[in-house]
Amino acid sequence: MKETIITLLEGALETLKQQGTLPADIAPVIKVDPTKDKAHGDYATNLALMLAKPAGRKPRELAEALIAALPPSDAVEKVEIAGPGFVNFFAATDAAAQIVRQVLDAGDAFGRSLVGHGRKVQVEFVSANPTGPLHVGHGRGAAIGDCIARLLEATGFDVTREFYYNDAGAQIANLALSVQARAKGVAPDDDAWPADGYRGDYIVEVANGYLAGETVRADDRHVTAKGDPDDLDAIREFAVAWLRREQDLDLKAFGVEFDVYFLESSLYEKGKVEDVVQRLIAGGHTYEKDGALWLRTTDFGDDKDRVMRKSDGSFTYFLPDVAYHLNKWQRGFTTVINEQGADHHSTVTRVRAGLQALEIGIPEGWPDYVLHQMVMVTRSGVEVKLSKRAGSYVTVRDLIDEVGRDATRFFLAARRADSQLTFDIDLARSQSNDNPVYYVQYAHARVCSMLRKAQADGQPFDHDLAMANLARLDADQEKTVMNRLARFPEVVDHAATSREPQQVAQYLLDLAAEFHSCYNAVKVMVEDDTLRNARLALGLAARQVLRNGLDLMGVSAPEEM
């Protein structure tokens, strides 16, 4: 319906140009939005307000001219002027109801598009250090990143999901020392415990596995423990593999899979980091000071220059990030989206500056970043801070065990990434309308219940009869649901473009609310066969869109609750 109205307005504009009412070279972006108050019609445009000045007309006068120039259409029942010059469109019932047919014909494909034309996009997310179980911050990144990938796939992009393992550096060294200490019987409260050691119970599990000679199978490697508590290199290799497997299991329980696992250590092993250093030196963007090698990042928008290589010869953390992103570019990913925690904010400018300094044609502002804020977990109004197994933080597995995968995913992705999130365990566990994921899933299950009742009453859904009588859907509540259904493809496209899956979550909540309101106001199981089947068809269309939207969130659509 929205596209129909835009087409009608385009026709009206051409007529007004030919008449000389509007300048011939004017090419406005026509904006048509659903109305908030159905007394003002189904859709409205501010086009007359936008064009009044270039046309030299009063907005209401131009609105009258627009209406007079509209091509005839059976899809529009009437058109009115409101306020200072808004034009309101009232959809003909039969035309508005055709969205039901469109949804049912498209099925799982409704809302999907090919606007991406198969272009390659890489989404990197989670990318946790393999030093412990995934915490709730990683969980938020996993939910948001996976939803972004699903949205991009739904809009026709060729998506690669990638996990970057920081398996080099000081944190991995501390992990190995922690496991070695446990393997030798040293506890965290002993004087001999490493100063920056990891204290969670999972370190005991790793140490016991190592001493027992276990074999760990983690995505791209099999590692068998040597069992020697003095062999720190062997302990490091085993501990990293063990925790990679642990994180893989957490992600599998969360319904998240990756196409590529990229190891930071490979950048060093293959000389990629040193290669970037030499490129930057050759480009004249570096200088030495106080025994360290600096990059002139101020030439590319940074507030001060940054150290690349310290005086002790070790690299700062942003340099391997530059090497990693150069590798992404060389793999042909002209669009890269990094979903990371807000603590990575300072790296954005530095990585982009380093890539610009390579002077190989990488666009400014590449790659894209989506940064999420912290998550606070509460139970009974009190913050939950500790997990016995992890030692110092709440894990993703803790939440999944407490409230289930669906609620965990929906709660973590249903708010803007840049807003802080309070995860209320009591709310996520509740079976009430206050629980957003329950509220949406219940709307889906409610339609399934309607269909089961119709079947049990000997009045099964008749598709052909329903399609022939969609014009019977003329109640205000039914029109509201149909208008909401029609907006779904636009929501999916906008959510994908803006990398904001919470737009889909909000849409689902709005659709569920309008469906529940319609269900309570309009009786479905009436004796009139044509009306009953038309209303069942509306329910089926709502169910289909709810299922499609929930799938984009990685959440199930139960048939019974």
Legend entry - Pair Arg532 + Asp529: basic N to acidic O under 4.0 Å: yes
Inset, instruction - Kindly indicate whether a cation-pi arrangement holds for Arg244 with Tyr165, taking the cut-offs as under 6.0 Å to the six-membered ring centre and within 45° of the axis. - result: yes
Legend entry - Thr131 to Gln247 - nearest heavy-atom pair and separation: N-NE2, 4.4 Å
Inset, instruction - Quick one: which residue pairs count as a ring-ring contact (aromatic ring centres under 6.0 Å, His included) with a foot in residues 89-138, not counting sequence neighbours? - result: Phe125-Phe258, His135-His138, His135-Tyr393
Legend entry - Residues Arg150 and Asp551 bridged, charged N to O under 4.0 Å: yes
Legend entry - Residue pair Leu134 / Ala128: nearest heavy atoms and the distance that separates them: CD2-CB, 3.6 Å
Inset, instruction - Mark yes when over 12 heavy atoms from residues, nucleotides or ligands other than Phe86 sit less than 6.0 Å from its CZ; otherwise mark no. - result: no
Legend entry - Ionic contact status for Asp457 with Lys453, cut-off 4.0 Å: yes
Legend entry - Ala541 to Val103 - nearest heavy-atom pair and separation: O-CG1, 3.6 Å
Legend entry - side chain to side chain contact (heavy atoms under 4.5 Å, CB included) partner of Phe423, chosen from Val403, Val394, Val136: Val403
Legend entry - Exercise: do Asn483 and Asp42 side chains pair donor with acceptor under 3.5 Å: yes
Inset, instruction - Would you mind telling me which of Thr155, Val115, Asn548 makes a side chain to side chain contact (heavy atoms under 4.5 Å, CB included) with Val492? - result: Thr155
Inset, instruction - Please determine if Glu162 and Lys328 form a salt bridge, counting it only when a charged side-chain N lies under 4.0 Å from a carboxylate O. - result: no
Inset, instruction - Looking only at non-hydrogen atoms, find the nearest pair between Arg397 and Ala253 and report the distance. - result: NE-CB, 4.1 Å
Inset, instruction - Count the heavy atoms of every other residue, nucleotide or ligand shown that sit under 6.0 Å from CD of Glu257, and state whether that count exceeds 12. - result: no
Legend entry - Residue pairs involving residues 412-428 (criterion side chain to side chain donor-acceptor pair (under 3.5 Å); sequence neighbours excluded): Arg416-Asp418, Arg416-Glu500
Legend entry - Considering all heavy atoms, the nearest Val121-Phe157 contact: CG2-CD2, 3.4 Å
Inset, instruction - Check whether more than 12 heavy atoms from other residues, nucleotides or ligands sit under 6.0 Å from atom CD of Gln431, and answer yes or no. - result: no
Legend entry - Side chain to side chain, Leu552 and Pro501, heavy atoms closer than 4.5 Å: no
Legend entry - More than 12 heavy atoms of other groups within 6.0 Å of Arg429 CZ: no
Inset, instruction - Would you tell me whether Thr530 and Asp528 have side-chain atoms, one donor and one acceptor, within less than 3.5 Å of each other? - result: yes
Legend entry - His516, NE2: over 12 other non-hydrogen atoms inside 6.0 angstrom: yes
Legend entry - Note, Tyr202 side chain near Glu246 side chain (heavy atom, < 4.5 Å): no
Legend entry - Distance-minimising heavy-atom pair for Thr4 and Ala75: CG2-CB, 4.0 Å
Inset, instruction - Can you establish whether the number of heavy atoms outside His345 located under 6.0 Å from its atom NE2 is more than 12? - result: no
Legend entry - Side chains of Cys147 and Val504 in contact at under 4.5 Å (non-hydrogen atoms): no
Inset, instruction - Answer yes or no: is there an ion pair linking Arg161 with Glu153, defined by an N-O contact shorter than 4.0 Å? - result: yes
Inset, instruction - Answer yes if the side chains of Ser556 and Asp406 hold a donor-acceptor pair under 3.5 Å, and no otherwise. - result: yes
Inset, instruction - Before accepting this row, confirm whether a basic side-chain N of the pair Arg487/Asp510 lies closer than 4.0 Å to the acidic partner's carboxylate O. - result: no
